[in-house]
Amino acid sequence: MNELIKEGFILAYFSEIKNNDPESLPGSWGHFTDIAPPWIEFIWYYYPKILNK
């Protein structure tokens with residue numbers, strides 16, 4: 001992420017994709033994705049002139 005920012009990218013959105021099911025039982029896939037989300041979602045914009053490049 002630091003290298004992208006150095007090159008003029010701006011992080012506009014960051015989110016962990018979760019199951020969000022309070023009824024998920026321990027050991028289930030839904031419980032796992034709530035505790036340790038395996039997917040991350042990013043939205044980046046490229047603005048090279050912001051850092052005076």
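Listed by chain and residue number, W29, A36, P38 satisfy the side chain to side chain contact (heavy atoms under 4.5 Å, CB included) test with F32 (two or more places apart in sequence, or in another chain). Applying the side-chain hydrogen bond (donor to acceptor under 3.5 Å, both in side chains) test to D34 and every residue at least two apart in sequence or in another chain returns nothing. Partners of Y46 by ring pair (Phe, Tyr, Trp, His ring centres under 6.0 Å), not counting sequence neighbours, listed by chain and number: F9. A search for side chain to side chain contact (heavy atoms under 4.5 Å, CB included) contacts involving L25 returns nothing, not counting sequence neighbours. The side chain to side chain contact (heavy atoms under 4.5 Å, CB included) check on P22 picks up nothing, with sequence neighbours excluded. Annotation: side chain to side chain contact (heavy atoms under 4.5 Å, CB included) contacts of I10 (sequence neighbours excluded): Y47, I50. Remark: E23 pairs with no residue by the salt bridge (Lys or Arg N to Asp or Glu O under 4.0 Å) rule, at least two apart or across chains. Among residues two or more places apart in sequence or in another chain, the ring pair (Phe, Tyr, Trp, His ring centres under 6.0 Å) test is passed with Y45 by none. For E41, there are no side-chain hydrogen bond (donor to acceptor under 3.5 Å, both in side chains) partners at least two apart in sequence or on another chain.
Contact between N19 and G30 at its shortest, heavy atoms only, is ND2-CA, 3.0 Å. Residue G27 comes nearest to H31 through the heavy atom pair N-ND1, 3.9 Å, listed as atom of the first residue, atom of the second, then distance. Smallest separation of non-hydrogen atoms from L11 and M1: CD2-CE, 3.5 Å.
Both L4 and I40 belong to a common hydrophobic cluster when Ile, Leu, Val, Met, Phe, Trp and Tyr are linked at side-chain heavy-atom distances under 4.5 angstrom. Under the 4.5 Å side-chain heavy-atom criterion for grouping Ile, Leu, Val, Met, Phe, Trp and Tyr, W44 is connected to F14 within one hydrophobic cluster.
Counting side-chain heavy-atom gaps under 4.5 Å among Ile, Leu, Val, Met, Phe, Trp and Tyr, I35 is found in no cluster with other residues.
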